[in-house]
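Okay, so here's the structure we're looking at.
Just so it is clear, the model here is predicted, and its values are computed rather than measured. All ligand and atom numbering here is 1-based and tracks the order in the structure.
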Amino acid sequence: MQPVKIGILGLGTVGTGTCEVLHTNAREISRRAGRDIIISHAATRTLSNVKLSNPGFKISDNAQAVVDDPEISVVIELIGGDQPALDLVLSAIANGKHVVTANKALIALHGNEIFQAAQQQGVMVAFEAAVAGGIPIIKAIREGLAANHIKSIVGIINGTGNYIMTQMRDLGAPFKEVLADAQALGYAEADPTFDVEGVDAAHKLTILASIAFGIPLQFDRVYTEGISAITREDIGFAEELGYRIKHLGIARHSADGIELRVHPVLIPQRSLIANVNGVMNAVLVDADAVGQTMYYGAGAGALPTASAVVADLVDVVRSLTADPENRVPHLAFQANALSDLPVMPIEQIETAYYLRMLADDKPGVMSQVTGILGTAGISIEAVLQKEPAANQTQIPVIMLTHTVKETQMNKAIEEIEALPGISGNVTRIRVETLDHD
Ligand code: HSE
């Protein structure tokens, strides 16, 4: 068989790692793919930063030339972000080339348009590396679990956020200090907004939900809350109650529609996912036939991400000769079989809650708080109250509640915050038991 020629857009960390894996494992990769894979041309914006010595292929700063090269059958997009990645990918598809991408923002925001264009042209767009780095979670859900009705997906899908939460717990350090440390170590970007405010995780959850439930990509419907407001005190109180705070992406198929949410969550310390630490990622899938399965591994980094990119490339090369209708559909379900199940607003979602409030150390305050919760039909599961320190007149009160609809909880919190004996805002963190759905 003739070798397949590929082009690479972007020679940063993942691009360089992909070249390395293709070179180091060339023999095994071609034995798996059925033919040799040859990098023909790689483009990078900053030629002076290229770290490959004697690459054995052309390197230029002309990405459009890669996309327009008639010899190239597969374009690997590793630039990241919105533009110029979107235009280059659409241009590659228009030129009849298959695409492999690690770009979660691109797929979450523009995937519907990209897949439609790809279907019209009869080409493949593969994106395993866009979610959870080296963990083959897309393949597991799309193919390995194809027999199942998937009930829920719960994931630690941002390594930077998980590193920060882990360090805050282990060192008892505040968020800002740990973030600065993560930036110094190169785990967090100079602008950490996407990681710590949950945007990166929301991109990934959007993709996971689509392939799990057969719904169009709907990034703008994901409820997103970050970790910047989590205090070390909350982490400590959660531990005392037998829970750990993790920043999770949750997608659940419930009776009223689809839940799509990214926010901090108290989960039982004994659960496997509560013990996923540092920069590692993990995804817990609950499905009707198989039950719960969990996938764990490196969610970022040059070689783990390259592992997913090259696996996609092997898949594309293997199916080059298959009829487009006989290939695995981009979003797991056939394009004409996507469902219009609504994504539920956060107010409609039911969870249990951790509440922390600062109360005056006076008789009657606690009974006013429990009165509000009781009237709202919210049952209290646990209460934690500390003795006031010397000279202090206010104390933190922590409560765990039973499951209740978010809209009811919002109303109760508003009333509690209006009590004269309560200072400031009530901190609220959702609680999940992670039992079978
Ligand atoms: N910034 C991401 C993370 C890595 O921290 O998990 C790539 O998705």
Side-chain angles (χ1 to χ4, degrees), residues 10-18 21 76-82 85 100-111 126-139 153-168 175 178-209 211 217 219 222 224-228 230 246-250 262-265 273 276-284 295-312:
L11 279 181
T13 308
V14 179
T16 307
T18 299
V21 170
I76 304 195
E77 185 278 306
L78 303 173
I79 302 170
D82 211 345
V100 172
T101 178
N103 190 335
K104 57 239 159 176
L106 182 77
I107 298 298
L109 299 172
H110 305 290
F127 49 92
E128 180 65 71
V131 182
I135 307 175
I137 188 65
I138 302 287
K139 197 161 192 76
I153 296 180
V154 173
I156 294 177
I157 45 181
N158 182 269
T160 309
N162 199 42
Y163 173 82
I164 292 173
M165 297 299 293
T166 304
Q167 291 291 97
M168 283 177 74
F175 171 79
V178 177
L179 172 61
D181 169 45
Q183 285 171 316
L185 286 167
Y187 292 152
E189 307 276 345
D191 177 359
T193 314
F194 268 33
D195 287 328
V196 301
E197 297 307 342
V199 182
D200 176 81
H203 286 147
K204 295 166 180 167
L205 188 73
T206 302
I207 299 171
L208 289 177
I211 59 164
L217 296 148
F219 170 73
V222 183
T224 306
E225 212 179 275
I227 55 170
S228 53
I230 297 291
K246 288 289 184 188
H247 192 222
L248 299 180
I250 299 177
V262 170
H263 52 73
V265 187
I273 203 162
V276 171
N277 293 319
V279 293
M280 301 308 278
N281 281 200
V283 182
L284 176 67
Y295 309 82
Y296 169 88
L303 296 185
T305 312
S307 162
V309 169
V310 176
D312 271 350

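Partner of Tyr163 under the side chain to side chain donor-acceptor pair (under 3.5 Å) criterion, chosen from Asn158, Asp181, Asn277: Asp181.
The side-chain heavy atoms of His110 and Leu217, taken from C-beta on, include no pair separated by under 4.5 Å. At a threshold of 4.5 Å between non-hydrogen side-chain atoms, the residues Lys246 and Ile156 count as touching.
Side-chain atoms of Asp200 do not come within 3.5 Å of backbone N or O of Phe194 as any donor-acceptor pair. Judged by distance alone, with hydrogens and angles left aside, the side-chain atoms of Thr16 form a donor-acceptor pair with the main-chain N or O of Leu11 at under 3.5 Å.
For the residue pair Ser228/Glu197, the side-chain donor-acceptor check at 3.5 Å is satisfied.
For ligand 1, the protein residues placed under 4.0 Å by at least one non-hydrogen atom are Lys104, Asn158, Gly159, Thr160, Asp195, Asp200, Lys204, Ala300.
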